[in-house]
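Reviewing the structure listed below.
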Number of protein chains: 2
Amino acid sequence: MAVTDEAIEKIKGMIVSGALRPGDRLPKESELAADLGLSRNSLREAVRALSLIRILDVRQGDGTYVTSLDPQLLLEALSFVVDFHRDDTVLEFLAVRRILEPAATAMAALRISEQQLDALTAQLDKLGDDPSVEDLVACDLEFHRGIVQSSGNSVLCSLLDGLSGPTTRARIWRGLTQEDAVGRTLREHRAILAALRDRDAEAARSWATVHIASVEQWLRSTL
Amino acid sequence: MAVTDEAIEKIKGMIVSGALRPGDRLPKESELAADLGLSRNSLREAVRALSLIRILDVRQGDGTYVTSLDPQLLLEALSFVVDFHRDDTVLEFLAVRRILEPAATAMAALRISEQQLDALTAQLDKLGDDPSVEDLVACDLEFHRGIVQSSGNSVLCSLLDGLSGPTTRARIWRGLTQEDAVGRTLREHRAILAALRDRDAEAARSWATVHIASVEQWLRSTL
DNA sequence: TGAGCCTGATACGTCGGAGGTCTAAGCGAC
DNA sequence: GTCGCTTAGACCTCCGACGTATCAGGCTCA
């Protein structure tokens, strides 16, 4: 195994074992390199790799720190990975989202606060009845993110955030090419929100399923 | 932005745009560094980072290649990230798994082949009635992986694979401390398998839910 | 006395070059 | 035609130097 890979494993080990805790500062590059028995260049490769997936936070002129290791932060790296997938696997991502999002919406129905409900309502009101496709898609992302956050599971939230990325382009495309897509999306959002207000988990789950299935169906017929 | 980060973005762009396709070979380090306008050292940091998340495959003495970019390969990186989470977030991972696994099991009920069913049966038979805890947990992983693969969604499969890792230790712990855990797991596996043989998606879903919920319940009462 | 500026120490960022190791392909002997 | 060796090419590792950003402490000036 290459020394750099060893260094990655060792640093990972220090964190997992608890020797390094979230927020802790690592020894400076030259010292850490000496400790681990490699050159500063090779160590930097290891640190850079860990920093790409948000394990380490490198600040020039200051030092290198262990991040908070929040699921949200770490799963951000997922969206970077997901970006590499081509259109032919979008359907698979969408299928997973179709499983998770209704479940998250149902969970949110039982936990969401009145405040958040009002915020979501305001958001939909602000968008109006005839938004641009770009605005709609951006609002769509925000709307679902707001709901999923209310599920109370940050892992679930980050995962869905990552999965939503690759379908964004598809949704824009759909809005531009399918006649009724905008109106339909707006109506479905209202329906989901109403179900949440009623604390009706099953209705919320069903509307969320319908909402995603319609995108899926369109995508499947198009590809 | 640092030159290394720029390089990461540029390489990513070359792949996403299609200029570099899966399996393609990158120019040699010195040439690529010159093209992108940075030193070989800095470029290596970028390449190493992309190689950690399985975007690039570096082969000493040969060259650097774009990986297949299979969802399975890319989401492998997820398990690396998941390793960093501490026990207090295991419950959140388990909750997500509780959503995905029943759905995957239900999907599998409609698609799994007789061959795979026989293989799963043989696997359970081989384990016997009184296995060691380690064997049981290993078999558990294999069993569920086999089923999820039959769902036909490779993204779902990789995701569950990644999520199962952090709960493995918990399951071993459970097997060691909870009296009936081993027998119960064996019975539940048999039940899931029977439902799959009957092509009864709803029964399969329910048994999978029960199976995971029992782990979740135990874990919740223990922490 | 307090705020603000300045400066030095510190740590990360980037670079160029040298030598080592590994792989694959070409070549010759059998 | 096959096997083993040689060699060129590519990545691996290291070193030393200099650039740049940050922070802390001292200094100046109201």
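Below, chains carry the letters A, B, ... as their sequence lines are ordered, and counting in each starts from 1. Everything numeric here is computed off the predicted structure, so don't read it as measured data.
Side-chain contact between Leu156(B) and Ile99(A) is present, with heavy atoms from C-beta onward closer than 4.5 Å. Contact check for Asp62(B) versus Arg25(B): side-chain heavy atoms found under the 4.5 Å cut-off. Counting heavy atoms from C-beta on, the side chains of Arg48(A) and Arg48(B) never come closer than 4.5 Å. Within the 4.5 Å cutoff, the side chain of Ser154(A) has no heavy atoms near those of the Asp70(A) side chain.
Using a 4.0 Å cut-off between a side-chain N of Lys or Arg and a carboxylate O of Asp or Glu, Asp5(A) and Lys12(A) do not qualify as a salt bridge. Between Glu142(A) and Arg145(A) there is a salt bridge, with a side-chain nitrogen of the basic residue lying less than 4.0 Å from a carboxylate oxygen of the acidic one.
Cys157(B) contributes atom SG, which lies 11.5 Å from atom CD1 of Ile147(B) (distance to the nearest 0.5 angstrom).
No contact: Ser30(A) has no heavy atom under 4.0 Å from any strand.
At the phosphate of dT13(D), OP1 or OP2 sits under 4.0 Å from a side-chain N or O atom of Thr4(A). Distances shown here put a side-chain N or O of Thr64(A) below 4.0 Å from the OP1 or OP2 atom of dC12(C). When the side-chain nitrogen and oxygen atoms of Arg48(B) are compared with OP1 and OP2 of dT13(D), one or more of them lie within a distance under 4.0 Å. For dC12(D), the OP1/OP2 oxygens have no side-chain nitrogen or oxygen of Ser42(A) closer than 4.0 Å.
Between the CD atom of Glu29(A) and the P atom of dA21(D) there is a distance of 16 Å, given to the nearest Å. Across the protein-nucleic acid pair, Lys28(A) atom NZ and dG13(C) atom C1' stand 16 Å apart, rounded to whole Å. When rounded to the nearest whole Å, the span between CZ of Arg44(B) and P of dC15(C) equals 15 Å. The CG atom of Leu43(A) sits 9 Å away from the P atom of dC12(C) (whole-angstrom rounding). Here the P atom of nucleotide dC12(C) and the CG atom of Leu32(A) are 9 Å apart, to the nearest Å.
His189(B) and His144(B) have perpendicular rings, their planes meeting at more than 60° on a 0 to 90° scale where under 30° would count as parallel.
Nearest nucleotide to the Arg25(A) side chain, out of dA11(C), dA10(D), dG13(C): dA11(C).
Screening residues 118-128 of chain A for side chain to side chain donor-acceptor pair (under 3.5 Å) gives Asp118(A)-Arg197(A), Thr121(A)-Arg197(A), Asp125(A)-Arg190(A) as the qualifying pairs, with residues at least two apart or on separate chains.
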Open item on the list: Within the 4.0 Å limit for protein heavy atoms, which parts of nucleotides 16-23 of chain C are touched? Write it as a string from 5' to 3', B for base, S for sugar-phosphate only, - for none.
Closed with: BBB-BBBB
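Mapping Gly63(B) and Glu45(A) onto DNA chain D by nearest heavy atom places Gly63(B) at the nucleotide closer to the 5' end.
Residues from residues 49-56 of chain B that place a heavy atom under 4.0 Å from any atom of DNA chain C: there are none.
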